[in-house]
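As a basis for the values below, the full set of heavy atoms in this structure was taken, side chains included, without hydrogen atoms, waters or symmetry mates. Just so it is clear, the structure is predicted and the values come from calculations on it, not from any experiment. Letters A, B, ... mirror the listed sequences (proteins, then strands); counts begin at 1.
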Number of protein chains: 2
Amino acid sequence: MTTSKRTRVPRAKAQEIILNAAEELFYQEGIHAVSVDAIVERAGLNKMSVYRQFSSKSDLILAYMQKKQTVFWQEWEQSMAKHPDQPREQLIQFFADLAAKASSPEFRGCCFINVSIEFPDTAHPVRELVCTHQKRISDAFLERTTALGAANPCELAYTLMLLMEGTYADSQTYGTDSAAIRMVPTIVEKLLDASPRE
Amino acid sequence: MTTSKRTRVPRAKAQEIILNAAEELFYQEGIHAVSVDAIVERAGLNKMSVYRQFSSKSDLILAYMQKKQTVFWQEWEQSMAKHPDQPREQLIQFFADLAAKASSPEFRGCCFINVSIEFPDTAHPVRELVCTHQKRISDAFLERTTALGAANPCELAYTLMLLMEGTYADSQTYGTDSAAIRMVPTIVEKLLDASPRE
DNA sequence: TCAGAATGTTACTGGTTAGTAACAAACGTA
DNA sequence: TACGTTTGTTACTAACCAGTAACATTCTGA
């Protein structure tokens, strides 16, 4: 009989592995539907390794959301960087990139909206995170509709918010096959060009 | 000691009471978050009364969704009936009524999108229900954008879909206080009037 | 009045969940 | 080497969950 050494994973590495496992499962299957044991199994680690890094499942959920938030803004910056100082092109690009992502089979919509639905209590910490996140997006839109010289930048920014959230929602029901999502970049382009300037 | 007669509730009435209780709880708190026991308690009935009417929780979920679908189309017809044969006014009215509902504190978004998020498996029966429901709305929009004489009725209908779904999603994060939702009827009105005719 | 059906009540099963205690093995460092 | 720390492993608790069995009570109709 072979007496195999136990493989040991250091603190920092374990945290990363657990968060990655949690991210995949939470996003794909929903938070309530995923047990800590499932995360442990996917991570290939031990249950205690989880509870030594995160004090509770809630803690892990919050860390997951924070990670998602970071990733969102990284991707946002990538989209923006394709057309520096060109708000019209930046906005269209954002929706083009969103549509591309939404057409991927592993896409499961907006994790911020998803978590809002799973946690109806608006006082819950994750809900506050979602709220500030959405507000930040709204501001980023407004910044650009203003730069565009739109006569009603606020209304235009809100319209973009609705279109974005609609795109996320639509991907849930139609998945890869959404005609609406395919049209979104065009819709936004026409919307921007049709909206009156001051 | 008073020997009180047990109150007996007949089959049909029990079914209604249970469905109402389930509807409130499922919609307000999410399906996974609500136990059969919670429904039993809210209904003021007995657990066996539930399982004599519905073979399983899944059965109850399906009945809940079917009820919601019926209610949606009743409300839809009410909105449409306000402006017979006037597609422009009908569409604007629909969004005005939606915005009004979305501003109510007990509003918890679109139960069809919500259930999609809670049940990621697209093969699940409730998901098929959601899919046909969304398709029906999309068709109803298309019917009216076509009647409107829009040059691209399909694109316009999809835009309305996205705005509708966006409105539902936005209500989740901002609740009663959503500026975007307040603007939605105006946004739709301008969109319809600005879209080119053939 | 009596028999069968419908409903109420209690108590239970087997499974799952979040979280923990206790100890064993490996590591790092003095 | 030797000791304290970190990590792995096992086994457990207490709560919750969907669903059922068995029996008690009430109703209905012949």
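- The side chain of A/Ser56 contributes no N or O atom lying less than 4.0 Å from OP1 or OP2 of C/dA18.
- Taking atom CD on B/Glu41 and atom C1' on D/dA18, their separation rounds to 17 Å, with Å as the unit.
- In the helix from C/dT1-D/dA30 to C/dA30-D/dT1, the terminal helix axes, each the rotation mapping four pairs' C1' atoms onto the next four within five end pairs, subtend 0°, rounded to 10°.
- Taking atom NE2 of residue B/His32 and atom C1' of nucleotide C/dA18, one finds them 18 Å apart after rounding to whole Å.
- The same ILVMFWY cluster, assembled from side-chain heavy atoms under 4.5 Å apart, contains both B/Leu191 and B/Phe95.
- Although no hydrogens or angles enter the test, the distance criterion places a donor-acceptor pair under 3.5 Å between the side chain of A/Gln28 and the main chain of A/Glu106.
- Contact between B/Ala157 and B/Ser138 at its shortest, heavy atoms only, is CB-O, 4.4 Å.
- In summary, of the residues considered (B/Arg42, B/Lys47, B/Lys57), a salt bridge (charged side-chain N to carboxylate O under 4.0 Å, His left out) with B/Asp37 occurs for B/Lys47 alone.
- One atom, CG of A/Asp37, and another, P of D/dA11, lie 15 Å apart when rounded to the nearest Å.
- Ring-plane geometry between B/Tyr168 and B/Phe107 is classed as parallel, the angle between the planes falling under 30 degrees on a 0 to 90 degree scale with a further cut at 60.
- Counting only heavy atoms from C-beta on, A/Arg8 has its side chain closest to C/dA25 among C/dA25, C/dG8, D/dA18.
- Between A/Ala33 and A/Ser55, the residue anchored closer to the 5' end of DNA chain C is A/Ala33, taking for each the nucleotide with the nearest heavy atom.
- In this structure, CD of B/Gln53 is placed 10 Å from C1' of C/dT7, rounded to the nearest angstrom.
- Under the 3.5 Å distance criterion, with hydrogens and angles disregarded, no donor-acceptor pair is assigned to the side chains of B/Gln90 and B/His83.
- A/Gln93 and A/Asp97 share a side-chain donor-acceptor pair at under 3.5 Å.
- Under 3.5 Å, the side chain of A/Arg52 and the base of D/dT6 form no donor-acceptor pair of N or O atoms.
- For the pair B/Arg11 CZ and C/dG8 P, the interatomic distance rounds to 12 Å; values are reported in whole Å.
- Between B/Tyr158 and B/Phe141, the distance separating the two ring centers is not shorter than 6.0 angstrom.
- The CG atom of A/Leu25 lies 6.0 Å from the CD1 atom of A/Ile39; values are rounded to the nearest 0.5 Å.
- Across the protein-nucleic acid pair, A/Ile39 atom CD1 and C/dT17 atom C1' stand 12 Å apart, rounded to whole Å.
- For the ring pair (Phe, Tyr, Trp, His ring centres under 6.0 Å) with B/Tyr64, the qualifying choice from B/Phe112, B/Phe26, B/Tyr27 is B/Phe26, the only one to do so.
- Atoms NZ (A/Lys57) and C1' (C/dG19) sit 12 Å apart, rounded to a whole Å.
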Reading nucleotides 10-16 of chain C 5' to 3', which nucleotides get B (base under 4.0 Å from a protein heavy atom), which S (sugar-phosphate only), which -?
B------
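- Placement of B/Ile181 and B/Met161 in two distinct hydrophobic clusters is found when ILVMFWY residues are connected by side-chain heavy-atom separations under 4.5 Å, directly or transitively.
- As rounded to whole Å, 11 Å separates atom P of D/dT7 from atom CD of A/Gln15.
- Interface residues of residues 16-28 of chain B facing DNA chain C, ordered by number: none; criterion, heavy-atom separation under 4.0 Å.
- Between the side chains of A/Asp170 and B/Gln134, not a single donor N or O lies within less than 3.5 Å of an accepting N or O.
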